[in-house]
Amino acid sequence: YFSLKDQNATLSANFFGWAQKSRSRGGFELKDGMEVLCRGKISVYAPRGSYQLSVEQMEPLGAGALQLAFEQLKAKLLAEGLFESQRKRKLPPFPHRVVIVTSPSGAAVRDMLIVLKRRAPQVEVVIIPALVQGDQAPEQLVRAIQIANRHSMGEMIVLARGGGSIEDLWCFNDEQLARVIAESPVPIVSGVGHETDFTIADFVADLRAPTPTGAAELATPNRDALLQDLDVLAQRMSVRV
């Protein structure tokens, strides 16, 4: 129950199920003084003979609900220190096994496997399937990370998804997912969307890659480059002998 006010009038209002609806649609925090656009039905509160608005939809004015929710969660986690560089872990320089959490049917995983085979065919890749879009995606992403850590399935974890709208990528702005990333005992690389896309997962992850294929490159050494370096060193040793 709350009141809607402007310069000239006040209208009593209610929004039943606000917490559940706000979580499923972005979850911006409602504060006093915020300008909002409400849609609903007018009814009469019989005991007082007064009108009230039963709100069915609400969104902030001046910014989209999703963007506002993103900024609010970003500020909250920033204040808690989850984005601090001091707490972020370094990636292992020569991993033996890498876990990829993504949709097994997406184009992103196919492109990543091509890059990994070319750069580091010696690295074993474990794919844990998870939804990367929709209301059920955050829970599956959280579970995948927990499974990877519980069973020591790899020396690093890569979260990956191709580009999309803010709605498509919204599951990577989930608070629980952010906290699981921060608490992971092994490093996590975020390779979500395009270079211009940013999610909460990007800020919390130990390393942010601009794209899924970029994550595959950052997560593994280039074997050909390493072999060339070894050849150079071998030649230098031969000359000295």
Side-chain angles (χ1 to χ4, degrees), residues 73-74 76-104 106 108-132 137-163 169 171-195 197-223 225-226 229:
L73 180 57
K74 181 181 175 183
K76 177 182 178 180
L77 299 182
L78 176 64
E80 294 182 22
L82 267 67
F83 303 162
E84 294 292 336
S85 58
Q86 293 86 344
R87 58 151 291 274
K88 299 196 175 186
R89 297 140 296 197
K90 293 183 179 179
L91 303 186
F94 303 105
H96 298 287
R97 186 184 301 157
V98 173
V99 176
I100 300 177
V101 176
T102 189
S103 169
V109 69
R110 294 194 296 270
D111 294 340
M112 292 178 71
L113 291 175
I114 292 173
V115 171
L116 290 170
K117 184 176 181 180
R118 170 175 53 83
R119 283 179 58 86
Q122 76 281 2
V123 174
E124 182 180 353
V125 179
V126 178
I127 299 174
I128 300 182
L131 290 175
V132 290
E139 181 181 355
Q140 292 197 14
L141 293 169
V142 165
R143 187 184 303 118
I145 294 174
Q146 291 173 336
I147 290 173
N149 283 320
R150 186 181 305 124
H151 298 285
S152 301
M153 299 178 70
E155 295 145 284
M156 76 174 70
I157 300 170
V158 179
L159 290 179
R161 186 204 189 281
L169 304 179
C171 59
F172 294 94
N173 294 320
D174 181 78
E175 182 174 354
Q176 183 184 5
L177 176 61
R179 297 190 183 281
V180 168
I181 292 173
E183 294 168 359
S184 173
V186 302
I188 293 183
V189 179
S190 175
V192 177
H194 298 303
E195 188 170 0
D197 297 321
F198 284 90
T199 67
I200 296 298
D202 292 328
F203 294 109
V204 184
D206 299 287
L207 183 65
R208 184 248 176 186
T211 61
T213 53
E217 293 179 349
L218 292 173
T220 55
N222 187 331
R223 190 185 70 160
L226 292 174
D229 291 342

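Any value given below was found using the heavy atoms of this structure, including those in side chains, with hydrogens, waters and symmetry copies removed.
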How many angstroms lie between [atom1] in [X] and [atom2] in [Y], if you round to the nearest 0.5 Å?
X: Thr220; Y: Met156; atom1: OG1; atom2: CE; result: 7.5 Å
X: Ile100; Y: Leu116; atom1: CD1; atom2: CG; result: 5.5 Å
X: Ile114; Y: Lys117; atom1: CD1; atom2: NZ; result: 9.0 Å
X: Ile157; Y: Asp206; atom1: CD1; atom2: CG; result: 9.5 Å
X: Gln140; Y: Leu177; atom1: CD; atom2: CG; result: 12.0 Å
X: Leu78; Y: Glu84; atom1: CG; atom2: CD; result: 7.0 Å

Should the heavy atoms of other residues, nucleotides or ligands under 6.0 Å from CD of Gln176 be counted, would the total exceed 12? no
Does atom CD of Glu139 have more than 12 heavy-atom neighbours, drawn from other residues, nucleotides or ligands, at distances under 6.0 Å?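 No.
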Between Gln146 and Glu183, does a side chain to side chain contact (heavy atoms under 4.5 Å, CB included) hold up when you go through it step by step? CA-CA 10 Å; Gln146 291 173 336; Glu183 294 168 359; over 6 Å; no
Any donor-acceptor pair under 3.5 Å from [X] side chain to [Y] backbone:
X: Arg150; Y: Ser152; answer: no
X: Arg119; Y: Leu218; answer: no
X: Arg161; Y: Ala108; answer: no

Quick one, [X] and [Y] - any side-chain contact, counting heavy atoms below 4.5 Å?
X: Met153; Y: Glu124; answer: no
X: Thr211; Y: Asp111; answer: no
X: Ile181; Y: Leu159; answer: yes
X: Pro92; Y: Pro187; answer: yes
X: Asn173; Y: Lys74; answer: no
X: Phe172; Y: Ile200; answer: no
X: Thr102; Y: Met112; answer: no

Which pair of non-hydrogen atoms, one from [X] and one from [Y], has the smallest distance, and what is that distance?
X: Pro95; Y: Val123; answer: O-CG2, 3.4 Å
X: Ala216; Y: Val115; answer: CB-CG1, 3.9 Å
X: Ala219; Y: Val158; answer: CB-CG2, 4.3 Å
X: Pro212; Y: Ala160; answer: CB-CB, 4.2 Å
X: Asp197; Y: Arg208; answer: O-NH2, 2.8 Å
X: Val204; Y: Ala178; answer: CG1-O, 3.3 Å

If you apply the rule side chain to side chain contact (heavy atoms under 4.5 Å, CB included), what do you find for Val98 with Val189, and how did you get there? CA-CA 10 Å; Val98 173; Val189 179; over 6 Å; no
Show your working on side chain to side chain contact (heavy atoms under 4.5 Å, CB included) between Leu141 and Asp174 and close with a plain yes or no. CA-CA 10 Å; Leu141 293 169; Asp174 181 78; over 6 Å; no
